[in-house]
Amino acid sequence: MQYDSAALTEYYRQRPLSVWVRSLAILIEFGSFALGLVWDWFWRRLQPRHQVARARQLRHKLTELGSTFIKLGQILSCRPDVIPPVYLEELANLQDQLPAFPNEIAYDIIKSELGYPWPAIYAEISDTPVAAASLGQVYKAQLKTGETVAVKVQRPGLKDIISLDIYILRRFGAWAQAAIWFIRSDLVGIIDELATRLFEEMDYANEGRNAERFAALYGDDKNITAPRIYWQYSGIRVLTMEWIDGAKLTQRETMDAWGLDGDYFVELGFACSMRQLLEGGFFHADPHPGNLLATPEGKLAYLDFGMMSEVTPYYRDRLLESVIHILTGDFDSLGQDYIKLGFLPPDIDLKPLIPEFAQVFGNVLGATITEFGFKSIIEKLSPLIYKYPFRLPTYYLLIFRSFATLEGIALNINPNFQPLTNSYPYIARRFLTEPSPEFRTCLQELLLKKGQIQWHLLDDLLQNALRSDAGDVSSLLASGLDFLDSHEGAPLRRAVISELVADLETILAVNFTKITVFMGLTTEPKYDIENPQPSHPIEKILGAIAAAYSPDIKSVSTLMPLLLKPEAHRLIQEVLAAIGHRAETWVSRPES
């Protein structure tokens, strides 16, 4: 069950009649849609308000053409480089649903796939499917051992239908890319990506493995759950999994009856998605309301692991850096991030892009999902995508799709939800504790600009990281010590020690002056002893860390191992050495 474009080409070259019949059906549907666009152009009706009806018409036609085109529409719903924003918004509403096929066919597939008729496997099975999607339908059943399960059965002949559609689409994409001058996107690449994902989704055994991997990566969170897979009753076209009782996050009445808070589940969904993207790198690309359930026990259950995607550690780290630069308003560095991510070519002039980024991403913290969400990002980014040589990799588009789907749920539950504000504590902790050299270099560059420590940024990151529930303050401080002791953190360490010693020198000098004035040794003090000295930023940071420790014996006991670390010893020695050097310099001054 793997996509092979060369094998498909060889197979369908020998079956021209099947190709022509299906091509004609596709041509009729898209031809009528194209004539409508020509009509709109002739009558000057290409404004967005007139194109809403055309976008809705396209959505209906994709649904009528079946499974392949429903999935194609879902892929296009996050491709601002291919279709206009008004179509993106409409295709985002494309439902992955088709009428159910007869039970008798489903029972035959179960027997063919598992080797036994269904009564030999299940004690009972529902008379009708509980859900029918574009690739298959789901029954509620009970095993002979008593467990309640969901049985997912694939549509008959699905592989043949999808293979033929992909072959036709690929040929059309290659022709359009060569013949239509204004098409910049890699249409063949988009079709190949669609085909790869469709073949993966058709393999239910692969979906089962995805579910187990997801549970292994994120199931340690007591509030997240995924269904158990019953492999002895599963195959490529049949998947038997644990039945999870729950309510869709949009079913407010049911959740209210169970005493569940919808806002909490929205926050949990965004937090888990951030963890999938920035920690595990393996993420659920289709978290629509039917795939996310709130259980009566208060857990968020993920279902349907056919559409998953993965981000390599390198790109995962670069994405985290770009999010940090957006949140801190460092748009010069954001431009470099986009080059590293492959969104922009290395030789591009970033100067005109920096103010554009500031306009798109400025003031995102504190913005509600209505003010700053997928729709608003697409509307603001679309002109830039056409103006500059942007290339949007598939993994990034699937990230957009995942968060856009969550956004739709959040808008239904709480339009005032602030996704970035709620995610910032986790992001800040990840950024401050990530041990990779690339991350530490990025952190050092962010916090040290032209030899000056950006104390406001450090304070902001630290305050948010301390609000995260991803770990205790001791682990955060241990990571900070490791960073300062590392090669990448050396410039920041030297700057911190220099400012710390200078601050200490000022405090000592002021107090020494007070003593000399009190004793009458001087009448013209060098320092203003009447007005208190303004607190140094490092004092505020140390105060925040101290406040994070509760004043009990347990907190002291957790702090002691930190002070005994070799990194702490080396840092203290450097501070003392710097103080000694300053003292020698101060004593040797003629005016001292």
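In this text the structure is predicted, and so the values were computed from the model without any measurement.
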Donor-acceptor under 3.5 Å (Asn291 side chain, Pro287 main chain): no
Expected output: side-chain Asn422 to main-chain Gln418 donor-acceptor under 3.5 Å: yes
Counterpart residues, side chain to side chain donor-acceptor pair (under 3.5 Å), relative to Thr328 (two or more places apart): none
Point-to-point distance, once rounded to the nearest 0.5 Å, from CG of Leu72 to OG of Ser67: 12.5 Å
Stepwise side chain to side chain contact (heavy atoms under 4.5 Å, CB included) test for Tyr167 and Arg13: CA-CA 10 Å; Tyr167 172 73; Arg13 274 178 179 168; 4.1 Å; yes
Any donor-acceptor pair under 3.5 Å from Arg430 side chain to Leu278 backbone: yes
Test log, rule side chain to side chain contact (heavy atoms under 4.5 Å, CB included), inputs Ile427 and Leu320: CA-CA 8 Å; Ile427 294 171; Leu320 180 54; 3.6 Å; yes
Atom CZ of Arg209: over 12 foreign heavy atoms under 6.0 Å: yes
Rounded distance [0.5 Å steps], CD in Glu407 versus CD1 in Ile409: 11.0 Å
Note: Glu193-Arg197 ion pair, threshold 4.0 Å (strictly below): yes
Atom pair OG/CG of Ser23 and Leu164 - distance to nearest 0.5 Å: 7.0 Å
Ser402 side chain to Leu398 backbone, donor-acceptor under 3.5 Å: no
Aromatic plane relationship, Tyr388 with Phe390 - under 30° parallel, 30 to 60° tilted, over 60° perpendicular: perpendicular
Lys61: salt bridge (Lys or Arg N to Asp or Glu O under 4.0 Å) partners, not counting sequence neighbours: Glu29
Side-chain (His284) to main-chain (Ser273) donor-acceptor, under 3.5 angstrom: no
Test item: Asn103 side-chain N/O and Asp127 main-chain N/O as donor-acceptor pair under 3.5 Å: yes
Minimum side-chain heavy-atom gap Gln51-Leu37 below 4.5 Å: yes
Chi angles and distances behind the side chain to side chain contact (heavy atoms under 4.5 Å, CB included) call for Ile413, Phe265: CA-CA 10 Å; Ile413 296 174; Phe265 283 94; over 6 Å; no
Short N-O contact, Glu321 and Arg318, less than 4.0 angstrom: yes
Pairs involving residues 341-370, ordered by first then second residue, that meet ring-ring contact (aromatic ring centres under 6.0 Å, His included) (sequence neighbours left out): Tyr338-Phe343, Tyr338-Phe357, Phe343-Tyr396
Within-4.5 Å side-chain heavy-atom neighbours: Ile26 and Asp165: yes
Criterion ring-ring contact (aromatic ring centres under 6.0 Å, His included) on Tyr218 and Tyr302, from CA distance to verdict: CA-CA 11 Å; Tyr218 313 113; Tyr302 280 78; 8.3 Å; no
Side chain to side chain contact (heavy atoms under 4.5 Å, CB included) evaluation trace for Lys159 with Phe199: CA-CA 8 Å; Lys159 183 178 179 181; Phe199 272 71; 4.2 Å; yes
Geometric class of the Phe214/Phe305 ring pair [parallel <30°, tilted 30-60°, perpendicular >60°]: tilted
Asp304 and Lys152, any side-chain heavy atoms less than 4.5 Å apart: yes
Pairwise side-chain contact, Leu300 with Asn223, heavy-atom cut-off 4.5 Å (strictly under): no
Rounded distance [0.5 Å steps], CG in Asp245 versus CG in Leu293: 9.0 Å
Min side-chain heavy-atom separation His325-Cys442 under 4.5 Å: yes
Pairwise distance CZ(Phe283) to CZ(Arg316) - rounded to 0.5 angstrom: 12.0 Å
Pairwise side-chain contact, Val138 with Pro129, heavy-atom cut-off 4.5 Å (strictly under): no
Polar side-chain atom of Arg22 near backbone of Ile161 as donor-acceptor pair, under 3.5 Å: no
Short side-chain to backbone donor-acceptor contact, Ser126 and Lys140, under 3.5 Å: yes
Straight-line distance of Asp337 CG to Leu319 CG, nearest 0.5 Å: 9.0 Å
CA sep, side-chain torsions, deciding dist, call: Arg213, Asn210, side chain to side chain donor-acceptor pair (under 3.5 Å): CA-CA 5 Å; Arg213 183 180 176 190; Asn210 287 341; 5.8 Å; no
Gln154 side chain to Met202 backbone, donor-acceptor under 3.5 Å: yes
